[in-house]
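The next block holds one structure in the form of structure tokens; read it before the comments.
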Amino acid sequence: MKTSNNTAAVENGVNVDALLGAREALEKAPEAAQFKWRASCEWLHGTHSRSTIGKFFGLGTEQSRDTTFAVEADHPKIFASEDHAPTPVELVLSGLASCLTAGVAAVAQRRGIQLHSVKATLEADMDIQGILGIDDDVRNGFGAIRVHFNIRADASEDDIKALVAQSQKRSAVFDIVTNPTNVFVSVN
Amino acid sequence: MKSATAIIIGAGHCGLAMSNHLTARSIDHVVIERGEVANSWRTERWDSLRLLTPNWQTRLPGYAYAGSDPHGFMAVTEVVQFVQRYAEHSRAPVVTGTRVTRVRQRDGGYELSTSEGSWRCRKLVIASGACNVASVPSVSAALPAGVTSLSLLQYKNPALLPQGGVMIVGASASGVQLAREIRASGRRVVLCVGEHVRMPRTYRGHDIQWWMNAIGAMNVRYDALDDIQRARHLPSPQLIGSPDHATIDLNSLRKSDVELVGRLVGLGGGKAQFSGSLANCCALADLKMNRLLAGIDEWVEENGLTKDFPAAERYEPTDVGPEARLSLDLAEAEIDTVIWATGYRPDYSWLDVPVLDRKGRIQHDGGVVSAPGMYVMGLPFMRRRKSSFIDGAGDDAADLAAHLDHSLASVAA
């Protein structure tokens, strides 16, 4: 067990200096910190759909990227669907897992902790009486989400726990799933 | 127009400590006070409040607690007496009953408009406190009519509350103290818990403040930290100064049937919504507490003092139970009162000098404000970790008085 404060000695593939520089710059120019994330989604057939994700807005301007990504969603066969892709709720779990995992890597880099492996396993409870309209007292979404991290790193057990705690504290998706958000939907 | 070389605004412990140092340097000055000495302590605190620091640590330049209970915690009335006696002892030139209504830059110095006429000075020390205004989040506007809304400046004691249950928003020192006494009065209490700082009152036979002092944590300087903003915004630790030296934490509150919920994140249609982040807020606080205790244990070991103290110990992790509720219908739960234990902020509404940042915080470097000849005192981690403690006023005043004196001398030369 060892910990190190020497960030140069560890390499988790996160450019912490760039992130800290961005933080410093945006503290002085909070208007540039206003981002807009976008996705568009097209119905294919049945419950099968395809989202495309490309441009976003940030640092005061439209941002483009090298690739436009496609993410498909569907439902399993027991829902009388064709199971072409994960369900949207599984994509939510994937989003939470990816956000927390990226956070663990960034915090570890910042704290000078070399990671060897990080694996997150997620499980969410859902009573589908909600979405099926059987019982109005049951909510549509998750009753609870459990995340388990298995992390190997050059750090004490408490330091590893602190990585995971700090990652939750600074995670966008963790915030999105734990706190309410106003959603505005318009048509045509 | 009256004038002085230096004017100190506020005759609390900070202003009086500064006055003591200016007197020692023969710098003519006055201390302008809106009410009486120790005004905030007299009028803006709840009845049961005691200092979070032990009596031996209640000390100011040239003056210290001399009573028979050095390990006890002063009640508010005793703090008022202590500060009052200090003002007399140090013969501070206090002008009471004078409210500052406006401060402007004028001729390289400052002009103060007050309820009792104008003052001019070359140097200005703002010692009007860090807790003038109760910070109440904007979501409070959505509270249903009929629910009494109280800030920390308004709450006095449980007997004055309406009949029903109480929701307390915030679980720092004030929130947990209020939860404890309001629950003990027999009311239902729901406590909204965001990020917090957990600490045992006593560790290895000594008060936690004694340890913080011993290991040097209280003297850590503001310019020695990577992220001073973060340190300045840390919530106050979950401590209570009680005669029995009790430790107060979420586990003990939960055992006394205080209901713990996550941070309040929404109010609408008579319902309160709470964040699902409660478990992580508690995990963060437990980890942080254990780092502090490990730091103490290391200090003991490094200094070869292991035999001088009881053995190291660790405390039960915070157990919030498996099913913290995410929403609460206030009417159904018969919650008649909401108390906003969501912190304080200073009032600078009278300060007509461009020294505030976009969040309304005064911009300063260890108490030296960005406008020439202006100083501030008593803010959290302003110059040292102890800056917002009574015990921190002396060292900060010494440093800032030296800076002030030097800047007077360099103009004269």
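Here is the naming used below: chain letters follow the sequence lines, and residue numbers restart at 1 for every chain.
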Cut-off 4.5 Å, heavy atoms of chain A, and the answer for Leu326(B) is side chain
Go through chain A and chain B and list any donor-acceptor pairs closer than 3.5 Å, backbone and side chains both.
unit_1, atom_1, unit_2, atom_2, d
Arg23(A), NH1, Asp227(B), OD2, 3.2
Arg23(A), NH2, Asp227(B), OD2, 3.3
Ala165(A), O, Asn280(B), ND2, 3.1
Gln168(A), NE2, Asn280(B), OD1, 3.0
Lys169(A), NZ, Glu195(B), OE1, 3.0
Thr178(A), O, Gly276(B), N, 3.0
Asn179(A), OD1, Ser275(B), OG, 2.6

Return yes when atom CD of Glu62(A) has more than 12 non-hydrogen atoms of other residues, nucleotides or ligands closer than 6.0 Å, and no otherwise. yes
- Query: Would you say His45(A) has more than 12 foreign heavy atoms packed within less than 6.0 Å of its NE2?
  - Reply: no
